Amino acid sequence: MTINTDATFILNKIFSIGHTGKFTLATASQAGGFIAITGSGSIRWIVPGTEKFGRKVLSQWKPYGMTSLAKWHVLRLLYRLGVLIKVPGISEVFMTMPSKKYKKNETLVVPVIYVGTPGAQQKAVITLIEINSGNPVAVMKVALADGAIASIITEASMLKRLLSKGVDDVPRLIGINQENGVSLQTVVSGKLANGNMDIAMLNSLLGMFKTEITTTLDEQKIKLDPFVTNRIHDFNSRQQELIKRALSLLGGSDSIPMPLVHGDFAPWNIKQISRDKCALIDWEDGEECGLPMWDICHFNFIQACLFNKPDLIENLLTNKIVKSYMAKLHISKVSAIQLVLLYILFIVVTDKKNNASAEYKAFLINQIPMVLAL
């Protein structure tokens with residue numbers, strides 16, 4: 001009952017938007033009803049009952065664990081066969097509010113809804129499917145919790161900035177309702193990337209625009225000092241020791257460039273376009289003047305944490321893609337290790353990535369000895 005109620009709340013919230021100025025949401029009957037798919041005890045997807053509307057979206061999404069991937073293939077097959085609703089834990093969702101009337105100057109669309117992880121920054125990512133062609137025409141993001149509003153606004157600002165800088169292969173902002181935390185952006189084509197860094201990802205990282213602003217490791221250490229002082233007692237004695245050790249090893253006056261950083265550079269935010277080209281989505285953690293190595297660190301550390309792959313950290317600086325990145329940016333191995341430590345410390349003791357879980361922070365602290373041994 002709780003799951004069904006939550007799904008109804010989400011569906012009602014999305015349909016309360018009704019019109020976006022370009023699109024009108026189709027009625028539940030036009031969509032063939034809606035079905036809630038759960039995962040780890042919470043709603044993960046709300047899909048149209050008519051398979052042709054959800055087919056393309058679901059085919060481009062994939063879990064990265066082998067067991068989860070196998071289950072996902074089975075669910076997609078059952079969806080195509082029209083029997084998904086018979087699976088235990090899958091339920092029909094009933095919308096309680098009426099749909100808005102269709103406007104002739106707008107495109108009639110069916111929503112395919114991905115529901116983010118529950119928490120203070122939970123949001124829904126809705127792919128809008130044109131009702132006649134079955135093709136995706138836009139992506140709408142809707143805040144489901146108050147904390148997500150700021151994230152959606154931040155991403156909208158970042159997308160505007162990227163457009164002004166001529167950055168290709170990113171979504172284009174169509175519209176933003178800051179008060180309600182609703183954004184509308186273009187669809188980025190391509191399939192989600194694999195879990196290994198490749199030439200397309202390297203090209204994307206190297207192609208990000210550079211500012212004239214530089215920093216030094218000394219400056220970054222000065223920024224971190226007060227955060228460590230204020231928050232060190234939030235950690236146990238072993239964690240405190242590792243944090244202080246990492247901080248003590250930072251330092252250097254060499255000039256370091258501050259490039260554009262995606263901030264959440266991970267396979268699920270990377271669309272593979274071709275062998276040597278990819279596109280990046282979900283720019284909520286984007287930073288115009290960031291630190292080199294940040295995106296590479298996040299790509300490896302988040303996967304190592306989620307999928308128990310310590311080799312992604314052990315082999316970080318010997319990976320040929322990472323070595324090419326370091327060579328292009330003239331980053332020495334010593335500086336690279338310190339930049340990795342900066343990634344860990346900024347996430348652990350600051351709000352630089354405030355949606356990082358306590359589990360991920362604890363994982364990062366535990367990796368400090370391994371980083372020092374690189």
Side-chain angles (χ1 to χ4, degrees), residues 151 154-173 188 193 197-224 250-267 269-271 273 276-303 316-317 319-347 350-354 356 371 374:
S151 297
T154 297
E155 182 186 33
S157 299
M158 196 69 200
L159 293 179
K160 290 179 183 178
R161 186 65 176 152
L162 293 171
L163 178 61
S164 72
K165 288 288 186 177
V167 178
D168 295 326
D169 302 317
V170 297
R172 300 303 184 201
L173 185 68
V188 174
M197 293 207 73
D198 57 23
I199 189 67
M201 298 177 198
L202 174 64
N203 291 340
S204 179
L205 291 173
L206 293 176
M208 290 185 178
F209 68 79
K210 311 295 189 298
T211 67
E212 299 299 319
I213 300 173
T214 61
T215 187
T216 67
L217 291 166
D218 287 336
E219 290 173 351
Q220 295 302 314
K221 182 176 182 179
I222 290 171
K223 285 184 180 180
L224 275 169
L250 296 178
S253 57
D254 290 346
S255 178
I256 296 174
M258 300 190 75
L260 169 69
V261 165
H262 179 274
D264 196 7
F265 193 80
N269 290 330
I270 303 171
K271 292 288 192 77
I273 297 175
D276 57 1
K277 188 175 184 181
C278 64
L280 304 183
I281 59 175
D282 287 347
W283 282 86
E284 293 163 12
D285 293 321
E287 192 173 357
E288 188 169 336
C289 298
L291 291 171
M293 292 291 294
W294 184 282
D295 283 334
I296 285 175
C297 286
H298 189 70
F299 185 91
N300 287 275
F301 278 89
I302 193 66
Q303 290 192 88
L316 178 62
L317 300 187
N319 179 288
K320 64 179 183 179
I321 297 295
V322 178
K323 289 175 73 173
S324 295
Y325 175 89
M326 290 166 57
K328 292 286 186 180
L329 269 64
H330 307 291
I331 299 172
S332 68
K333 183 177 180 180
V334 172
S335 293
I337 291 173
Q338 294 192 69
L339 287 166
V340 175
L341 292 176
L342 282 173
Y343 168 81
I344 292 173
L345 292 175
F346 268 117
I347 289 181
T350 78
D351 295 322
K352 199 172 180 72
K353 190 171 177 61
N354 57 19
V371 172
L374 290 176

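Owing to the predicted nature of the structure, the values given are computational and were not obtained by experimental measurement. Along the sequence shown, residues are numbered consecutively beginning with 1.
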Sub-4.5 Å side-chain heavy-atom contact between [X] and [Y]:
X      : Y      : value
Ile296 : Leu316 : yes
Leu291 : Tyr343 : no
Thr350 : Leu224 : yes
Leu280 : Val167 : no
Phe265 : Ile270 : yes
Leu317 : Ile337 : yes

I'd like to know if the side chain of [X] reaches the main chain of [Y], judged simply by a donor and an acceptor atom lying under 3.5 Å from each other, with no hydrogens or angles considered.
X      : Y      : value
Ser204 : Met201 : no
His262 : Ile281 : yes
Gln303 : Ala266 : no
Ser335 : Ile331 : no
Asp264 : Trp283 : no
Asp218 : Gly252 : yes

Looking only at heavy atoms, what is the nearest atom pair of [X] and [Y], with distance?
X      : Y      : value
Lys165 : Glu288 : CE-OE2, 4.3 Å
Val188 : Val170 : CG2-C, 4.0 Å
Glu284 : Thr154 : O-CG2, 3.5 Å

Q: Using distance alone, with no hydrogens and no angle criterion, decide if Gln220 and Thr215 have a side-chain donor and acceptor under 3.5 Å apart.
A: yes
